[in-house]
Amino acid sequence: MVFSEIIGQDTCISFLRRALTSGKLGHAYLFEGVEGCGKQLTAQALIAATFCVHHTGCGTCPVCRKVMSGQHPDLHIIEPDGTAIKIAQIRELQQELSLRPYEAPRKACIITAAERLNQASGNALLKTLEEPAGNAILILLTTNAEAVLPTIRSRCQRLRFSSLSEEAISRFLVSEGVSLELARLAAAQAGGSLARAQELAVTDSMPAQQELAEQLFSGSLGAIKSLFSMAERQGADRDTALGTLTLLEGLLRDILFAQQGLEQRIFCELSPLIEREARRRSASSLLDIFTQINATRQAIQRNVSPQLALEALFMKLAYS
């Protein structure tokens with residue numbers, strides 16, 4: 001089954017399977033969780049199970065293959081047009097849903113980045129969420145449910161997708177042929193996102209991230225210009241910035257473990273730095289850095305400029 005391809009989301013998958021088996025599938029869902037944790041794959045798997053000629057979501061029939069590739073004529077996927085999902089996109093969707101399905105028993109729609117629905121497009125969608133034409137199913141995806149319009153949230157069944165564990169991500173990457181060391185390092189920086197871990201594992205960003213850790217904790221940041229340049233690179237976008245924060249948390253965890261005499265390491269190649277910082281810093285100062293990192297993450301999730309947020313954090317780290 002297509003559902004079996006999704007890792008780390010057993011609770012959500014079980015809930016949806018029960019709804020399918022009992023015939024009590026809802027018509028509007030809000031899937032929330034970090035980017036790359038399996039929300040969209042689950043949405044497509046659910047629709048595949050609804051459309052499947054075998055009524056199972058087998059993953060192998062032509063119907064399932066078309067759904068999973070996003071090519072089924074009765075599946076509509078809406079993404080932001082620029083910075084927002086616009087009212088014209090919702091009007092077009094409503095027109096599509098008013099037509100009879102081409103092949104499937106009903107039509108379906110996946111709306112990505114639902115937090116980008118503005119007031120006008122969100123209001124236009126409300127009636128469709130309440131009474132979708134032709135028994136259509138709508139699935140909204142978001143990384144930040146609190147940023148979704150309250151009127152939208154109240155009309156959807158909400159499913160919270162967990163951030164994937166480092167162990168689950170690492171195990172999957174190894175099964176895909178990634179070396180164990182690289183898989184562990186990518187998983188540690190991915191922030192619970194399999195997609196992010198896959199990106200890290202196949203690009204040359206890993207050495208750059210290691211260089212970042214060495215710079216921040218080596219005491220070599222004598223020039224503010226160098227520090228700001230690093231914040232500009234690491235804060236180029238929201239995902240990169242959040243990945244950087246996760247990397248720093250992993251490094252701090254290694255330092256705390258070293259203080260306790262534990263050999264467990266994520267950043268094995270940085271052992272000299274880790275041992276030095278374990279001797280140089282107190283446990284309370286490390287916990288204070290954890291607090292600062294968490295505050296920075298919350299600021300970025302509230303749409304504060306990633307670059308500015310990292311500049312403030314790097315200044316505190318480099319000169320603490």
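Count residues from 1 along the sequence.
Between Glu249 and Arg297, the closest side-chain pair of non-hydrogen atoms falls below 4.5 Å. Side-chain contact between Leu25 and Arg106 is present, with at least one heavy-atom pair separated by less than 4.5 Å. Within the 4.5 Å cutoff, the side chain of Glu146 has heavy atoms near those of the Arg153 side chain. Residues Leu310 and Leu245 meet the side-chain proximity criterion, which asks for heavy atoms closer than 4.5 Å. Considering only heavy atoms from C-beta on, Ile87 stays 4.5 Å or farther from Asn118 through its side chain. In this structure, the side chains of Leu256 and Phe290 come closer than 4.5 Å at one or more pairs of heavy atoms. In this structure the side chain of Cys52 reaches within 4.5 angstrom of the side chain of Cys64, judged on heavy atoms. Residues Leu117 and Val148 have side chains not in contact (no heavy-atom distance under 4.5 Å, counting atoms from C-beta outward).
The SG atom of Cys156 lies 10.5 Å from the CD1 atom of Ile139; values are rounded to the nearest 0.5 Å. Taking CD of Glu277 as the reference point, atom CZ of Arg279 lies at 9.5 Å (rounded to 0.5 Å). If you take CZ on Phe314 and CG on Leu248, they are separated by 6.0 Å, rounding to the nearest 0.5 Å. Interatomic distance, CD of Glu115 versus CG of Leu30, reported as 9.5 Å (0.5 Å rounding). To the nearest 0.5 angstrom, Glu35 atom CD is 11.0 Å from Leu242 atom CG. Of the inter-residue distances, the one linking Leu99 atom CG with Gln94 atom CD reads 12.5 Å to the nearest 0.5 angstrom.
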- Item | Criterion side chain to side chain contact (heavy atoms under 4.5 Å, CB included) on Ile293 and Leu252, from CA distance to verdict | CA-CA 11 Å; Ile293 290 173; Leu252 288 170; 3.5 Å; yes
- Worked verdict on Ile289 versus Arg281 for side chain to side chain contact (heavy atoms under 4.5 Å, CB included): CA-CA 11 Å; Ile289 295 174; Arg281 296 177 183 269; 3.6 Å; yes
- Task: Run the numbers on Leu126 and Ile152 for side chain to side chain contact (heavy atoms under 4.5 Å, CB included), then give the verdict.
- Result: CA-CA 7 Å; Leu126 290 179; Ile152 296 292; 3.7 Å; yes
- Message: side chain to side chain contact (heavy atoms under 4.5 Å, CB included), that's the test. Do Leu125 and Leu149 meet it? Break it down for me.
- Response: CA-CA 11 Å; Leu125 184 62; Leu149 294 171; over 6 Å; no
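Ion pairing between a basic and an acidic side chain is recognised when a charged N comes within 4.0 Å of a carboxylate O; Lys127 and Glu130 show no such pairing.
When all heavy atoms of Leu164 and Gly8 are compared, the closest pair comes out as CD2-CA, 3.8 Å. Here the closest non-hydrogen pair linking Asp74 and Pro101 is OD1-CA, 3.3 Å. Of all non-hydrogen atoms in Ala49 and Phe3, the two that sit nearest each other are CB-CE1, 4.3 Å. Closest approach of Gly59 and Arg65 over heavy atoms only: O-CG, 3.9 Å. The two residues Cys37 and Gln9 make their nearest non-hydrogen contact at O-NE2, 3.2 Å. In plain terms, the two heavy atoms of Ala241 and Gly235 that are nearest each other are CB-CA, 4.3 Å.
Put simply, Leu129 and Ile110 are part of two different groups of oily side chains (I, L, V, M, F, W, Y) that touch within less than 4.5 Å, one to the next. Leu75 and Leu138 sit in two unconnected hydrophobic clusters of ILVMFWY residues. Membership requires side-chain heavy atoms under 4.5 Å apart, directly or through other members. Ile111 and Ile137 are not part of a single hydrophobic cluster, where members link through side-chain heavy atoms under 4.5 Å apart. Residues Leu180 and Ile7 do not share a hydrophobic cluster, defined by chaining ILVMFWY side chains whose heavy atoms lie under 4.5 Å apart. Linking ILVMFWY side-chain heavy atoms closer than 4.5 Å, directly or via other members, places Leu140 and Ile77 in two distinct hydrophobic clusters.
Of the possible polar contacts, none joining the Asp288 side chain to the Ser284 backbone as a donor-acceptor pair under 3.5 Å is found. Put simply, the side chain of Ser170 never gets that close to the backbone of Glu166: no donor and acceptor are under 3.5 Å apart. With hydrogens and angles disregarded, no donor-acceptor distance shorter than 3.5 Å links the side chain of His27 to the backbone of Ala136. Counting only distance, with no hydrogens or angles, the side chain of Gln40 and the backbone of Thr112 share no donor-acceptor pair below 3.5 Å. In terms of modelled atom types and a separation under 3.5 Å, the side chain of Thr21 and the main chain of Arg18 share no donor-acceptor contact. With Gln89 contributing its side chain and Lys86 its backbone, the two residues share a donor-acceptor pair below 3.5 Å. Between the Ser121 side chain and the Ile85 main chain, a donor and an acceptor come within less than 3.5 Å of each other. The main-chain N or O of Gly192 is never found under 3.5 Å from a side-chain atom of Arg196 such that the two would form a donor-acceptor pair. For the pair Ser14 (side chain) and Thr11 (backbone), a donor-acceptor distance under 3.5 Å is absent. Put simply, the side chain of Lys39 gets close to the backbone of Gly33: a donor and an acceptor are under 3.5 Å apart.
Within a 6.0 Å sphere centred on CZ of Arg184, heavy atoms belonging to other residues, nucleotides or ligands number 12 at most. Atom CD of Glu92 sits in a sparse spot, with 12 or fewer heavy atoms from other residues, nucleotides or ligands closer than 6.0 Å. Sparse packing is recorded around CD of Glu167, with 12 or fewer heavy atoms of other residues, nucleotides or ligands lying under 6.0 Å away.
Note on ring orientation: taking the six-membered ring where Trp is involved, the planes of Tyr29 and Phe15 are perpendicular (angle over 60°, cut-offs 30° and 60°).
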